[in-house]
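Have a look at the structure below, then the notes.
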Amino acid sequence: CTATDHTKACITLNTVVTMFSQYCAQPFTIEPVKVIDQFEKERVYPDLGLKEFEVNQRAVCKAIGVDIEAEKIVSLLQKMQLFVEHKGEGNLLVRV
(Lines give C-alpha, C1' and ligand atoms only; values in the text may rest on other atoms or scores of the structure.)
Protein backbone atom coordinates (compact mmCIF):
# COMPACT_ATOMS: atom_id res chain seq x y z
CA CYS A 1 0.00 0.00 0.00
CA THR A 2 1.34 3.46 -0.80
CA ALA A 3 0.22 6.89 0.36
CA THR A 4 1.61 10.40 0.49
CA ASP A 5 0.30 11.09 4.01
CA HIS A 6 1.09 8.52 6.70
CA THR A 7 -1.66 9.71 9.06
CA LYS A 8 -4.38 9.51 6.39
CA ALA A 9 -3.11 6.11 5.27
CA CYS A 10 -3.34 4.80 8.85
CA ILE A 11 -6.87 6.15 9.25
CA THR A 12 -7.91 4.53 5.97
CA LEU A 13 -6.25 1.23 6.91
CA ASN A 14 -7.96 1.21 10.32
CA THR A 15 -11.34 1.91 8.71
CA VAL A 16 -11.01 -0.80 6.06
CA VAL A 17 -9.67 -3.38 8.52
CA THR A 18 -12.45 -2.81 11.03
CA MET A 19 -15.15 -2.81 8.33
CA PHE A 20 -14.05 -6.15 6.89
CA SER A 21 -13.28 -7.78 10.25
CA GLN A 22 -16.92 -8.89 10.49
CA TYR A 23 -16.26 -11.37 7.67
CA CYS A 24 -13.36 -13.15 9.43
CA ALA A 25 -13.64 -16.80 10.49
CA GLN A 26 -13.81 -15.45 14.03
CA PRO A 27 -15.84 -12.23 13.53
CA PHE A 28 -14.36 -8.91 14.61
CA THR A 29 -10.84 -10.21 15.15
CA ILE A 30 -7.85 -8.45 13.66
CA GLU A 31 -4.33 -9.83 13.45
CA PRO A 32 -1.52 -7.29 13.77
CA VAL A 33 1.23 -7.17 11.14
CA LYS A 34 4.80 -6.06 11.79
CA VAL A 35 6.15 -3.74 9.06
CA ILE A 36 9.73 -2.54 8.59
CA ASP A 37 9.87 0.71 6.63
CA GLN A 38 12.63 2.05 4.37
CA PHE A 39 14.37 3.62 7.39
CA GLU A 40 14.52 0.23 9.18
CA LYS A 41 11.88 1.38 11.67
CA GLU A 42 9.59 -1.39 12.85
CA ARG A 43 5.88 -0.65 13.33
CA VAL A 44 2.81 -2.75 14.00
CA TYR A 45 -0.35 -2.17 11.96
CA PRO A 46 -3.20 -1.56 12.31
CA ASP A 47 -2.82 0.78 15.28
CA LEU A 48 -6.27 0.78 16.84
CA GLY A 49 -5.22 2.47 20.08
CA LEU A 50 -6.94 5.51 21.50
CA LYS A 51 -5.89 8.93 20.23
CA GLU A 52 -5.97 11.96 22.52
CA PHE A 53 -6.96 15.43 21.43
CA GLU A 54 -7.06 18.57 23.54
CA VAL A 55 -9.71 20.98 22.33
CA ASN A 56 -11.01 24.28 23.59
CA GLN A 57 -14.69 24.97 24.19
CA ARG A 58 -14.57 28.14 22.08
CA ALA A 59 -13.10 26.23 19.12
CA VAL A 60 -15.81 23.55 19.40
CA CYS A 61 -18.57 26.19 19.56
CA LYS A 62 -17.13 28.01 16.55
CA ALA A 63 -16.89 24.77 14.54
CA ILE A 64 -20.49 23.70 15.22
CA GLY A 65 -22.00 27.19 15.19
CA VAL A 66 -23.66 26.85 18.61
CA ASP A 67 -22.55 28.49 21.86
CA ILE A 68 -22.72 25.91 24.65
CA GLU A 69 -20.90 25.46 27.95
CA ALA A 70 -17.95 23.09 28.32
CA GLU A 71 -19.92 20.87 30.75
CA LYS A 72 -22.67 20.43 28.13
CA ILE A 73 -20.06 19.52 25.49
CA VAL A 74 -18.67 16.89 27.90
CA SER A 75 -22.15 15.50 28.47
CA LEU A 76 -22.92 15.31 24.74
CA LEU A 77 -19.58 13.67 23.90
CA GLN A 78 -20.14 11.09 26.64
CA LYS A 79 -23.54 10.30 25.13
CA MET A 80 -21.60 9.54 21.94
CA GLN A 81 -19.55 7.01 23.97
CA LEU A 82 -16.39 9.15 23.81
CA PHE A 83 -13.99 9.46 26.73
CA VAL A 84 -13.72 13.13 27.68
CA GLU A 85 -12.31 15.10 30.61
CA HIS A 86 -12.95 18.75 31.42
CA LYS A 87 -9.47 20.13 32.19
CA GLY A 88 -10.70 23.56 33.32
CA GLU A 89 -10.79 26.96 31.61
CA GLY A 90 -12.84 25.47 28.77
CA ASN A 91 -10.20 22.92 27.78
CA LEU A 92 -11.29 19.36 27.07
CA LEU A 93 -9.27 16.19 26.67
CA VAL A 94 -11.01 13.80 24.27
CA ARG A 95 -9.95 10.20 23.58
CA VAL A 96 -11.21 8.57 20.40
Who pairs with [X] by salt bridge (Lys or Arg N to Asp or Glu O under 4.0 Å), at least two apart in sequence or on another chain?
X	answer
K34	E42
K8	none
K72	none

Run the side chain to side chain contact (heavy atoms under 4.5 Å, CB included) test on Q57 and V60 for me, step by step, so that the C-alpha distance in whole Å, both residues' side-chain angles and the decisive distance to 0.1 Å come before the verdict. CA-CA 5 Å; Q57 177 233 353; V60 171; 5.7 Å; no
For I11, give me all partners under side chain to side chain contact (heavy atoms under 4.5 Å, CB included), at least two apart in sequence or on another chain.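 I11 satisfies side chain to side chain contact (heavy atoms under 4.5 Å, CB included) with T7, T15 only.
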Which hydrophobic side chains are connected to [X], either touching it within the sub-4.5 Å cutoff or through other members that do?
X	result
F39	none
F83	L50
V16	M19, F20, Y23

Could I get the full list of side-chain hydrogen bond (donor to acceptor under 3.5 Å, both in side chains) partners for [X], not counting sequence neighbours?
X	value
R43	H6
Q78	none
N14	none

Are there more than 12 heavy atoms of other residues, nucleotides or ligands under 6.0 Å from atom CD of Q26?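 Counting neighbours around CD of Q26, 12 or fewer heavy atoms of other residues, nucleotides or ligands fall under 6.0 Å, so no.
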Within one Ile-Leu-Val-Met-Phe-Trp-Tyr cluster: V44 and I36, side-chain cutoff 4.5 Å: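 In one cluster with V44: I36, no.
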Donor-acceptor pairs under 3.5 angstrom involving side-chain atoms of residues 61-69: please list them, not counting sequence neighbours.
none

Could you tabulate the donor-acceptor pairs under 3.5 Å formed by side-chain atoms of residues 84-91, not counting sequence neighbours?
from, atom 1, to, atom 2, distance (Å)
E85, OE2, R95, NH1, 3.2
E85, OE2, R95, NH2, 2.8
N91, OD1, N56, ND2, 3.0

Verdict with reasoning, V74 to L92, per side chain to side chain contact (heavy atoms under 4.5 Å, CB included): CA-CA 8 Å; V74 169; L92 308 171; 3.6 Å; yes
